[in-house]
Amino acid sequence: MSDMHTLYAAFAAKIAAALAALEKEAQLPAGISHAAVSVEPPRDPSHGDLATNAAMVLAKQAATNPRALAEKIVEKLSADPAIESADIAGPGFINLRLADESWREELRAIAALGADYGRSTLGTGRTVNIEYVSANPTGPMHMGHCRGAVVGDALAALLEFAGHDVVREYYVNDAGAQVDVLAESVYLRYSEALGVAIGEIPPGLYPGEYLKPIGQALAGEYGDKYLEAPASEWRGLFRKRAVAEMMALIRADLALLGIHHDVFSSEAELQAAGKPDQAEAWLRQHDLVYDGVLEAPKGKTLEDWEPVELPLFRSTRFGDDQDRPIRKSDGSWTYFGADLAYHMQKAGAADELIDIWGADHAGTVKRIKAAVAALSQGQGKPIPFDVKLVQMVQLLRGGEPVKMSKRSGNFVTIADMVEEVGKDVVRFTMLTRKPEAQMDFDFAKVVEASKDNPVFYVQYAHARIRSTLRKAEAEGLAPSPANVERLGPDELALVKLAAQFPRTVEAAAQAREPHRIAFFLYDLAAAFHAYWNMGNDDSGKRIILAHDPELTGARLFLGQQIGQVIRNGLALLGVEAVEEL
RNA sequence: GCGCCCGUAGCUCAGUCGGAUAGAGCAUCGGAUUCCUAAUCCGGGGGCCACAGGUUCGAAUCCUGUCGGGCGCACCA
């Protein structure tokens, strides 16, 4: 389905046609760029329904002044019956007022497209791989993972709705030192299950209770077979088993948030397949990796620092502070060394890559972007690659910071959080802020069902609509498009707002900012609540009017479509559109 | 010391590839409920868009610098 079905796109096309006609008549020079021409609703509704800056941005190239050019454009547009008026305002804006029928047509379009209203062809034919969460498989998901998980998931849904093929991917870091520590921690629980007194968990190991069941399961399966055995005999087995169990735990936590990935990629498998070796060989051939010694860090003094020769990637060529090691001194891969190979693997099956990272990894963005650029260009398939950084969330309860201690394994888990405030509140709250700004998450505020909480506000608007439709049905009244011409200005104003949904989807997808959907829904809900309350002051403005089934049908139809748009938007955010509150 | 992110109303935040008189919620003050869900609505007050320069027809938005907050800064991930 073409995005030309939406009203804003259709009028952008009309303006383009007017400009083309002027070119043909040599009123405009041919071949000038129209890229800066925009068609948007003016901030002030009294200016009209649509405004374009075409005359202002083209005047210089056309060697004329904006108002003179605007007059010519207006002349062309005025011929269109869908355009009721076209006026020139301010420095050269062209304000258009559309015929009411245009808005009624859009209302019918919402009904016809239903759940597909707002879907775009923007990304058709492009596969985007979006990697998010990728938490280490060493324990349950905690709050530190939550925002990135929600933002990544909403972005994936948004890009999909905008026409892209989307691959939701999770990188399982099952090859580093941390999973050996995990294996040891599980071994301790295994011993414990066999009756060994383990006492305090030694520092450096994972102390969480969640490892106990794995130790017990292993004790049940293997008895005391590994109790006296050297680590070399059990480490691999325990590691593999522990990672599998942790990933099951993590998937369950993600499911609580409504998040499901398409692909889980294992770092260990990547290394076993020799991908990092291949990348290193190529980089060395092209003098992008060399053996060298790093300088001591500047900002702080490290007592145990000593110079070591390592294979270094020349990230300084790409604006990084220093070159970065791809292997450790024992020959094993650094995270970065494996990660660059991993990104090439992803690039093989996608046209674009997006990573969602926590802000604490900001320092590593330059090196990975540099490596991906170098490798993908060198291999003849340069790939757009975007790293979105998600800022920290400060957890509060009634204004006081929630204390967390990593050492004791005492942290706020996602499971706790979803249980306490609910999936919808967690998701919506995380999406009502732009990701690159820090945010506070206050348990006390967020569960207040009315005050500070936009989730309920939007859901309430939807619930009101559904409730009205139920009540009307009980009275034998049904929504109908038959008499939409009886809808008045207050009602068409709602349509005008809802009609911005498709362009909001496209703008949000292009900017990769799912939070714009959340704010749009808030505005639409507010407009509906205001409309609703008109019926409190003037009973003639209520939706259900027993004496006038035709007008009632038209208003119910309007409400039905507003509800549809709210549902479509909430679906992108992964928030439920409730029937009642 | 260096890098990245942020700085908009008392508080929490929006602000469309630069566009017309900078918006919303909370808080505060004043109103609306015999009536489709008042978990809602209507109205008032509240701003040197951190500061200083620059770019241009036009800057909260782009550039430079300063100040303030956060995050990070050897073979951790």
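Each chain gets a letter, A, B and so on, in the order the sequences are listed, and its residues count up from 1. Keep in mind that what you see is a predicted model, and the values were worked out from it rather than measured.
For residues 510-523 of chain A, the pairs satisfying salt bridge (charged side-chain N to carboxylate O under 4.0 Å, His left out) are A:E352-A:R512, A:D386-A:R512, A:E513-A:R516, with sequence neighbours left out.
Scored by the side-chain contact (heavy atoms from CB on, under 4.5 Å) test, A:A370 finds A:F313, A:F318 as partners (sequence neighbours excluded). Applying the salt bridge (charged side-chain N to carboxylate O under 4.0 Å, His left out) test to A:K496 and every residue at least two apart in sequence or in another chain returns A:D49. Partners of A:E184 by side-chain contact (heavy atoms from CB on, under 4.5 Å), not counting sequence neighbours, listed by chain and number: A:L205, A:W234, A:R235. Residues that satisfy the side-chain contact (heavy atoms from CB on, under 4.5 Å) test with A:Q391, not counting sequence neighbours, are A:R147, A:A359, A:Q438. Taking A:Y170 as the reference, A:H261, A:F264 meet the ring pair (Phe, Tyr, Trp, His ring centres under 6.0 Å) condition, with sequence neighbours excluded. Scored by the side-chain contact (heavy atoms from CB on, under 4.5 Å) test, A:L294 finds A:L312, A:Q322, A:P325 as partners (sequence neighbours excluded).
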Please report, to 0.1 Å, the donor-acceptor pairs under 3.5 Å made by any side chain of residues 392-399 of chain A, with sequence neighbours excluded.
unit_1 : atom_1 : unit_2 : atom_2 : d
A:R397 : NH1    : A:E420 : OE2    : 2.8
A:R397 : NH2    : A:E420 : OE1    : 3.3

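Summarising the geometry, atom OH belonging to A:Y531 is positioned 14.0 Å from atom CG belonging to A:L497; distances are rounded to the nearest 0.5 Å.
Residue A:Q438 places a side-chain atom within donor-acceptor reach of the base of B:G69, judged by atom type and a 3.5 Å distance cut-off alone.
Considering only side-chain atoms of A:R503, the nucleotide from B:U16, B:A77, B:G15 that sits closest is B:U16.
At a non-hydrogen distance threshold of 4.0 Å, A:A359, A:D360, A:H361, A:T364, A:K366 from residues 354-366 of chain A come into contact with RNA chain B.
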I'd like a table of atom pairs between the protein and nucleotides 20-22 of chain B - only N or O on both sides, under 3.5 Å - with the distance next to each one.
unit_1 : atom_1 : unit_2 : atom_2 : d
B:A20  : OP2    : A:R43  : NH1    : 3.0
B:A20  : N6     : A:N95  : OD1    : 2.8
B:A20  : N1     : A:N95  : OD1    : 3.2
B:A20  : N1     : A:N95  : ND2    : 3.1

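When the side-chain nitrogen and oxygen atoms of A:H529 are compared with OP1 and OP2 of B:A32, none of them lie within a distance under 4.0 Å.
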Going 5' to 3' along nucleotides 33-38 of chain B, which nucleotides have protein heavy atoms under 4.0 Å from the base (write B), which only from the sugar-phosphate (write S), and which from neither (write -)? --BBBS
Could you summarise the pairing of RNA chain B as dot-bracket text, marking Watson-Crick and G-U pairs under 3.5 Å with ( ) or [ ] inside the strand and | across strands? (((((((..((((.....[...)))).(((((.......))))).....(((((..]....))))))))))))....
